Number of protein chains: 2
Amino acid sequence: MESSNDTRQRIISAAQELIYTRSYNEVGVQEICNRAEVKKGSFYHFFPSKRDLALAVLDQSQAVMYETIINRAFVDDIPPLARIERFFTIVYDFHKQVKKDTGYVFGCPFGNLGCEMSTRDEDIRCKVDDILRTSEKPFEKALSEAVTRGDLPATDAAATARAIFAYVEGIMVYAKTRNDPELIRELGKHALQLIIPAKIQ
Amino acid sequence: MESSNDTRQRIISAAQELIYTRSYNEVGVQEICNRAEVKKGSFYHFFPSKRDLALAVLDQSQAVMYETIINRAFVDDIPPLARIERFFTIVYDFHKQVKKDTGYVFGCPFGNLGCEMSTRDEDIRCKVDDILRTSEKPFEKALSEAVTRGDLPATDAAATARAIFAYVEGIMVYAKTRNDPELIRELGKHALQLIIPAKIQ
DNA sequence: CTTGACATTGACCGACCAGTCAACTACTAT
DNA sequence: ATAGTAGTTGACTGGTCGGTCAATGTCAAG
């Protein structure tokens with residue numbers, strides 16, 4: 001049972017990396033198995049199909065995003081709006097490091113898969129949609145808190161949080177297409193305007 | 001020569017639709033040829049490879065975007081900032097109609113291909129990058145004009161235009177992943193905040 | 001009427017695709 | 001000790017992948 005979990009986890013990890021750095025349709029089951037050092041027959045013992053693996057990879061990627069980004073950014077050691085700024089900094093630092101290591105900006109794993117698969121697999125689309133919705137929550141909470149604290153005038157926190165995260169997705173498309181993590185920093189600066197429309201300069 | 005151009009054009013049109021509604025890696029050369037009613041041997045008379053076809057498709061898609069969206073939105077019959085609002089309306093109307101016809105929101109053809117191919121084909125990445133850069137220009141021009149007219153305080157028009165178009169890309173990712181064109185309208189409302197930071201409410 | 005360029009065709013290539021399966025091994029609970 | 005379960009293996013399927021090629025067809029300029 002320990003070994004089984006380990007095999008399954010190795011498959012997920014291998015797929016996560018390959019699909020993120022390439023794309024779902026470009027990476028085959030065989031290649032995933034090679035990287036995970038698992039025979040293909042064994043793969044189908046753990047996953048009924050390739051798309052079920054993609055679903056598991058999405059769960060895994062969401063967990064990683066929380067560990068490495070969201071749970072680090074949204075800590076109440078600093079004011080709520082500063083946490084949002086910290087979010088952008090962490091995302092920038094992450095992609096800057098990845099670019100240094102690999103030469104590439106790979107963008108957002110959820111946006112990537114959403115763009116590739118949303119019109120082709122309803123389950124994958126729904127799971128990505130759910131992850132995006134969930135990702136808005138920490139922003140929404142920070143915005144509400146900022147309003148309560150008086151840092152922000154009355155705001156529709158849910159709508160604004162959604163706008164911010166949509167902007168984040170757009171930034172990731174841009175950074176990936178230009179293969180330049182600096183765009184995350186430069187475009188990130190404008191995110192505050194999405195938040196504080198009433199602020200004068 | 002007429003017939004030759006026609007064959008080439010049929011291939012491009014077929015590929016444009018198939019790649020836009022599915023993805024580059026999911027659609028094969030054979031399927032493109034079937035839809036274009038062209039034999040595969042003939043395909044390779046016009047295109048040295050599938051990726052060269054993708055490059056041609058990108059050119060075609062850019063031309064279509066100008067005809068159907070940009071050149072309709074950015075006409076100086078209305079004030080510059082109203083043109084940007086009109087851009088969002090046209091994009092919304094387009095995707096609303098496509099959703100009605102096909103059941104799907106397909107997002108942005110450039111963002112889609114950029115996400116899928118940027119780390120895999122440098123020529124495609126550069127072409128998408130170029131298209132995004134070019135697409136910012138009408139926004140930049142409108143913003144500059146708005147500043148000149150006094151509709152807007154002094155602004156870095158280039159940086160703001162880029163932020164807006166990045167936001168547009170994010171909106172398209174969201175609309176595609178939620179398969180809901182209404183998101184374009186709802187999120188589009190917030191774009192003005194990217195433009196007019198100093199405006200009070 | 002001939003030449004040469006362009007266009008078209010279908011057969012073909014090796015590689016790979018997702019997925020199947022029966023046989024086998026290793027371990028666990030009784 | 002044994003029966004049952006979970007995990008592993010490698011051979012296999014039918015189909016598709018991007019791409020090649022030689023033969024043939026078409027047509028216009030000289």
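Every value quoted in this text rests on a predicted model; they were computed, and no experiment measured them. Lettering follows sequence order; numbering is per chain, from 1.
A:E31 has its CD atom 18 Å from the P atom of D:dC17, to the nearest Å. As a whole-Å value, the separation of B:R10 CZ from C:dT8 C1' is 12 Å. Protein atom CG of B:N34 is 13 Å distant from nucleotide atom P of C:dT9, rounded to whole Å. Going from atom NZ of A:K50 over to atom P of C:dT20 covers 15 Å, rounded to whole Å. The NZ atom of A:K39 sits 14 Å away from the C1' atom of C:dT25 (whole-angstrom rounding). Between B:F43 atom CZ and C:dA11 atom C1' there is a gap of 18 Å when expressed in whole angstrom units. Between A:F47 atom CZ and D:dG7 atom P the separation is 12 Å, expressed in whole Å. D:dT16 atom P lies 15 Å from atom CD1 of B:I32, rounded to whole Å.
Taking for each of B:V38 and A:P48 the nucleotide of DNA chain C with the nearest heavy atom, the 5'-most of the two is the partner of B:V38.
Contact annotation: A:Y44 side-chain N/O to C:dG19 OP1/OP2 distance is under 4.0 Å. Contact between the side-chain N/O atoms of B:H45 and the OP1/OP2 oxygens of C:dT8 is not found at any separation under 4.0 Å. A close approach under 4.0 Å does occur between a side-chain nitrogen or oxygen of A:T7 and OP1 or OP2 of D:dT8.
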Inset, instruction - For the pair B:R125 and B:M117, evaluate side chain to side chain contact (heavy atoms under 4.5 Å, CB included) and give the outcome as yes or no after the intermediate values. - result: CA-CA 7 Å; B:R125 185 189 71 71; B:M117 298 298 293; over 6 Å; no
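Among A:R22, A:R35, A:E17, A:K50, the single residue meeting the side chain to side chain contact (heavy atoms under 4.5 Å, CB included) criterion with A:V27 is A:R22.
For B:F88 and B:Y92, the distance between ring centers is not under 6.0 angstrom.
Ionic pairing of B:R162 and B:D156 is not present here: no N-O contact between side-chain nitrogen and carboxylate oxygen is shorter than 4.0 angstrom. By the 4.0 Å N-to-carboxylate-O rule, A:R185 lies close enough to A:E182 to be salt-bridged with it.
Residue-level contact check: A:G41 touches the bases, meaning some heavy atom is under 4.0 Å from a base atom.
You'll find a donor-acceptor pair under 3.5 Å spanning the side chain of A:K40 and the base of C:dG19, going by distance alone.
Residue B:F46 has its side chain nearest to C:dA7 when only C:dA7, D:dA6, C:dT20 are considered. You'll find that the side chain of B:S49 is closest to D:dG19, out of D:dG19, C:dC6, C:dT9. Side-chain atoms of A:Q30 lie closest to C:dC17 of the nucleotides C:dT8, C:dC17, D:dG7.
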